[in-house]
Participant: 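Sharing a structure below in structure tokens format, with a few things to ask.
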Number of protein chains: 2
Amino acid sequence: MATTKEKIVTLGDKLIRDKGYNAFSYYDIAPALKVNNAAIHYHFPTKTDLGEAVVDCHSEKFTAFTQSITAQSEIEQLKSFLELFHRISDDNRVCLVGALAPELPSLNKSMRQKLTTFVKTTLDWLTAILERGRKKGDFNFSGTARTRALMVITNIFAWVQISRITGEKDFQAIKTAILNDISR
Amino acid sequence: MATTKEKIVTLGDKLIRDKGYNAFSYYDIAPALKVNNAAIHYHFPTKTDLGEAVVDCHSEKFTAFTQSITAQSEIEQLKSFLELFHRISDDNRVCLVGALAPELPSLNKSMRQKLTTFVKTTLDWLTAILERGRKKGDFNFSGTARTRALMVITNIFAWVQISRITGEKDFQAIKTAILNDISR
DNA sequence: GTCTATATTCCGATAGAC
DNA sequence: GTCTATCGGAATATAGAC
């Protein structure tokens with residue numbers, strides 16, 4: 001059973017990834033959770049506090065995610081990572097970084113810092129996966145693993161945003177192309 | 001000499017791509033252009049009217065851009081296209097679609113429709129460039145031209161967002177990788 | 001076409017009772 | 001920890017003079 005505080009973070013996350021940080025308000029949360037506006041302020045005194053909690057939540061979930069799949073091969077780990085975005089796209093939302101990056105100058109310093117750490121953690125993890133997979137001969141690509149990690153992540157990252165506009169839902173074609181690009 | 005109306009659109013565009021549609025207000029524009037808040041409402045009665053004008057402006061500029069480079073080879077046209085995003089990244093902003101997609105549900109129907117048309121126009125143009133270049137033997141990639149256009153556009157599209165967070169400004173590595181991926 | 005002044009709505013936030 | 005009630009500020013928008 002989730003606590004009210006946890007429910008607020010979960011819903012706040014959904015709202016941010018649905019219409020953005022600046023577009024949602026406490027009045028989107030209160031009726032949905034059947035609590036009062038003031039109750040949300042009890043748990044998160046300022047909107048920024050809630051925003052930071054949402055980013056923290058993603059950091060924790062990502063760590064749990066990567067640890068849960070360490071036994072998989074590099075190819076399987078990459079596929080599992082791509083699946084995360086598949087689910088985001090099915091939800092008709094965008095990823096947290098994609099939601100916040102365009103609003104960056106309107107966010108406070110602490111939120112920006114947490115976001116930066118989260119992005120770096122994600123990129124480092126993906127870079128390491130690609131590097132290890134290449135050493136084993138499972139992946140084959142030119143250039144640095146870092147650049148390739150950026151290529152892969154930008155593909156799925158932007159896909160969820162663009163598919164939202166075009167209405168196109170064929171994630172499979174992108175996934176196949178991504179995997180094909182690193183297995184020449 | 002630009003009219004006040006044109007200046008408002010230009011600044012509105014910059015503001016949207018700096019901090020998002022919902023984060024900017026008419027009070028960001030009035031002092032900067034040394035006109036009154038009410039003057040902006042004279043030209044654009046509602047904020048949505050301004051938003052639509054910004055999207056229209058991008059559509060017109062994109063058409064002018066593609067027509068200005070029809071004499072170039074497909075490779076050169078692609079490079080010119082990538083340069084557009086290079087400039088956006090140097091400005092520390094994001095592209096219009098990247099700014100609006102995460103806020104989509106908070107935008108009115110007319111703005112969403114204009115945005116959809118703009119995205120489809122861009123994708124169709126890039127798809128055609130890749131298809132023609134492949135027929136001539138200048139490009140070499142597997143899969144459909146459409147999917148490849150999506151791969152290219154997502155690479156630069158998301159790069160400008162991510163580089164904003166990481167502070168990384170090495171656009172060259174991405175450009176090289178993009179061109180390399182379609183010239184095997 | 002731009003101004004002053006103001007209406008109105010919404011949102012983030014707080015005080016104080018239970 | 002949640003409630004009622006409310007403050008204060010910001011943002012969209014309008015009325016009417018120049």
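Each chain gets a letter, A, B and so on, in the order its sequence line appears, and its residues count up from 1. In what follows, every heavy atom counts, from backbone to side chain, and hydrogens, waters and symmetry copies are set aside. On a predicted model such as this, the values are computed, not experimentally measured, just so you know.
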Participant: Rounded to whole angstroms, how far apart are CZ on A:Phe44 and P on D:dT2?
Facilitator: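 Nearest whole value for this atom pair: 11 Å.
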Participant: Please check if any side-chain donor atom of A:Thr127 sits under 3.5 Å from a side-chain acceptor atom of A:Asp124, or the reverse.
Facilitator: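 The criterion, which ignores hydrogens and geometry beyond distance, is not satisfied for A:Asp124 and A:Thr127.
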Participant: Let's see if you can work this out: which of C:dG12, D:dA11, D:dG1 has an atom nearest to the side-chain heavy atoms of A:His43?
Facilitator: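 The answer is D:dG1.
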Participant: Within 45° of the axis and under 6.0 Å from the centre of the six-membered ring of A:Phe24, does NZ or CZ of A:Lys14 qualify?
Facilitator: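 Judged by the rule (NZ or CZ under 6.0 Å from the ring centre, within 45° of its axis), A:Lys14 is not positioned above A:Phe24.
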Participant: For the pair A:Phe141 and A:Phe139, name the ring-plane relationship: parallel under 30°, tilted 30 to 60°, perpendicular over 60°.
Facilitator: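 A:Phe141 and A:Phe139: tilted rings.
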Participant: Just checking A:Phe24: base, sugar-phosphate only, or nothing, at a heavy-atom cut-off of under 4.0 Å?
Facilitator: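 Touches sugar-phosphate only.
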Participant: At 4.0 Å (heavy atoms only), tell me whether B:Tyr26 reaches a base, stays on the sugar-phosphate, or touches nothing.
Facilitator: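 Answer is sugar-phosphate: B:Tyr26 comes under 4.0 Å of backbone atoms only.
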Participant: B:Asn22 has an atom CG; how far is it from atom P of C:dC10, in whole Å?
Facilitator: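 Computing the B:Asn22:CG to C:dC10:P distance gives 15 Å.
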Participant: At 4.0 Å (heavy atoms only), tell me whether B:Lys5 reaches a base, stays on the sugar-phosphate, or touches nothing.
Facilitator: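 It contacts nothing in the nucleic acid.
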Participant: Under 3.5 Å, is there a donor-acceptor pair linking the side chains of B:Asp138 and B:Ser73?
Facilitator: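 Per modelled atom types, B:Asp138 and B:Ser73 side chains form no pair under 3.5 Å.
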Participant: Starting at CD of A:Glu6 and ending at P of D:dG1, how long is that distance when rounded to a whole Å?
Facilitator: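 My rounded result for the distance is 12 Å.
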Participant: How long is the line joining OH of A:Tyr27 and P of D:dA10, in whole Å?
Facilitator: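 Atom OH in A:Tyr27 sits about 17 Å away from atom P in D:dA10.
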Participant: Please report, rounded to the nearest Å, how far the C1' atom of C:dG1 is from the CG atom of B:Leu33.
Facilitator: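 Rounded to the whole Å, the gap is 14 Å.
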Participant: Which of the following nucleotides, C:dC3, D:dG1, D:dA11, is nearest to the side chain of B:Asn36?
Facilitator: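 Given the options C:dC3, D:dG1, D:dA11, the side chain of B:Asn36 is closest to C:dC3.
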Participant: Counting only heavy atoms not in B:Lys169, do more than 12 sit closer than 6.0 Å to its NZ atom?
Facilitator: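 Yes - once you tally the heavy atoms of other residues, nucleotides and ligands closer than 6.0 Å, there are more than 12.
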Participant: Take the protein atom NZ of B:Lys47 and the nucleotide atom C1' of C:dT8, then report the distance between them rounded to whole Å.
Facilitator: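 Atom NZ in B:Lys47 sits about 17 Å away from atom C1' in C:dT8.
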Participant: Could you tell me how far apart A:Ile40 (CD1) and C:dT14 (P) are, to the nearest whole angstrom?
Facilitator: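 About 14 Å, once rounded to whole Å.
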Participant: Among the nucleotides D:dT12, C:dT4, C:dG12, which one has an atom lying closest to any side-chain atom of A:Ser25?
Facilitator: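 That would be C:dG12.
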Participant: Of the nucleotides D:dA11, C:dA5, C:dA13, which has the atom closest to the B:Ala38 side chain?
Facilitator: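 Ranking D:dA11, C:dA5, C:dA13 by closest atom to the B:Ala38 side chain puts C:dA5 first.
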Participant: Report the nucleotide, chosen from D:dT6, C:dG1, D:dA11, that has the shortest atom-to-atom distance to any side-chain atom of B:Tyr42.
Facilitator: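 Per side-chain heavy atoms of B:Tyr42, the pick is C:dG1.
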Participant: Respond yes when some side-chain nitrogen or oxygen of A:Thr46 is under 4.0 Å from OP1 or OP2 of C:dG12, and no when none is.
Facilitator: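 No, no such contact exists.
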Participant: Find the distance A:Ile29:CD1 to D:dG1:P and express it as a whole number of Å.
Facilitator: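 Whole-Å distance recorded here is 17 Å.
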Participant: Could you tell me whether the phosphate oxygens of C:dA15, OP1 or OP2, come under 4.0 Å of any side-chain nitrogen or oxygen in A:His41?
Facilitator: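 Looking at the OP1 and OP2 atoms of C:dA15, neither is under 4.0 Å from any side-chain N or O of A:His41.
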